[in-house]
Amino acid sequence: METLTYEYRGGRPVNSPPPSVLVGVVGSGNLEVLVEPAALGGLCRVEVQTAAVGFGATWQAVLDDVFARHPLADVRISINDVGATPAVVGLRLDQALDAFAGGSQPGGSQP
């Protein structure tokens with residue numbers, strides 16, 4: 001397992017965010033994303049626990065792309081990964097951040 005941490009500045013806070021949003025499942029080729037509001041002084045912090053060791057540059061590229069679409073502040077994102085492809089990572093993050101910024105989590109946890 002590898003732990004990676006990324007931080008982004010310049011985002012905007014979400015008005016009335018939900019307590020948390022959880023999407024995905026921890027399973028082969030998939031990942032789980034938890035998004036929570038956090039007092040981080042305007043940062044968005046992403047913490048990744050991944051079984052795929054040595055892919056830090058790939059994670060950085062995917063997260064840079066996601067943050068460009070979802071520039072949020074005072075948000076903690078926790079990712080538990082079991083070898084998801086970059087496309088699946090982007091999809092799950094888009095699902096979680098859309099639900100978080102929209103203030104609701106449609107249908108509860110998303111597989």
**OP:** With sequence neighbours excluded, give me every salt bridge (charged side-chain N to carboxylate O under 4.0 Å, His left out) pair touching residues 7-26.
**Re:**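 Every salt bridge (charged side-chain N to carboxylate O under 4.0 Å, His left out) pair that includes a residue of residues 7-26, provided the two are not neighbours, is E7-R45.
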Subject >> Any pair counted as salt bridge (charged side-chain N to carboxylate O under 4.0 Å, His left out), so long as it reaches residues 53-74, sequence neighbours left out >> reply: D65-R69, R69-D94
Original post:
Just by distance, with hydrogens left out, do E2 and T50 show a side-chain donor and acceptor under 3.5 Å apart?
Top reply: no
Heavy-atom closest pair, residues [X] and [Y]:
{"X": "A99", "Y": "V21", "value": "CB-CG1, 3.8 Å"}
{"X": "P71", "Y": "A68", "value": "CD-O, 4.1 Å"}
{"X": "F100", "Y": "P17", "value": "CZ-CB, 3.5 Å"}

**OP:** Carefully, step by step, assess L63 and L93 under the rule side-chain contact (heavy atoms from CB on, under 4.5 Å).
**Re:** CA-CA 9 Å; L63 293 172; L93 282 165; 3.6 Å; yes
**OP:** Name all residues meeting the ring pair (Phe, Tyr, Trp, His ring centres under 6.0 Å) criterion together with F67; count only those two or more places apart in sequence or in a different chain, and write none if there are none.
**Re:**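 Expected list: Y8.
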[Y] side chain reached by [X] side chain, heavy atoms, under 4.5 Å:
{"X": "L72", "Y": "V14", "value": "yes"}
{"X": "N30", "Y": "R92", "value": "yes"}
{"X": "L4", "Y": "F55", "value": "no"}
{"X": "H70", "Y": "V75", "value": "no"}

Do any side-chain atoms of residues 31-44 form donor-acceptor pairs under 3.5 angstrom with protein atoms, and if so which ones, sequence neighbours left out?
residue	atom	partner	partner atom	Å
E32	OE1	N80	ND2	2.9

Original post:
Which residues satisfy the side chain to side chain donor-acceptor pair (under 3.5 Å) test with E47, sequence neighbours excluded?
Top reply: none
Subject >> Residues which pass side chain to side chain donor-acceptor pair (under 3.5 Å) with T5, listed by chain and number, not counting sequence neighbours >> reply: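 In terms of side chain to side chain donor-acceptor pair (under 3.5 Å), with neighbours along the sequence ignored, T5 is linked to no residue.
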**OP:** State yes or no: do L91 and V66 share one hydrophobic cluster built from I, L, V, M, F, W and Y residues joined by side-chain heavy-atom distances below 4.5 Å, directly or via other members?
**Re:**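 No, because L91 and V66 fall into different hydrophobic clusters, even though each may have its own neighbours under 4.5 Å.
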Original post:
In the hydrophobic clustering that connects Ile, Leu, Val, Met, Phe, Trp and Tyr at side-chain heavy-atom distances below 4.5 Å, which members other than V26 occupy its cluster, ordered by chain and number?
Top reply: V82
**OP:** With side-chain contact (heavy atoms from CB on, under 4.5 Å) as the test, would you mind laying out the steps for W59 and D81 before giving the verdict?
**Re:** CA-CA 11 Å; W59 277 101; D81 172 53; 3.5 Å; yes
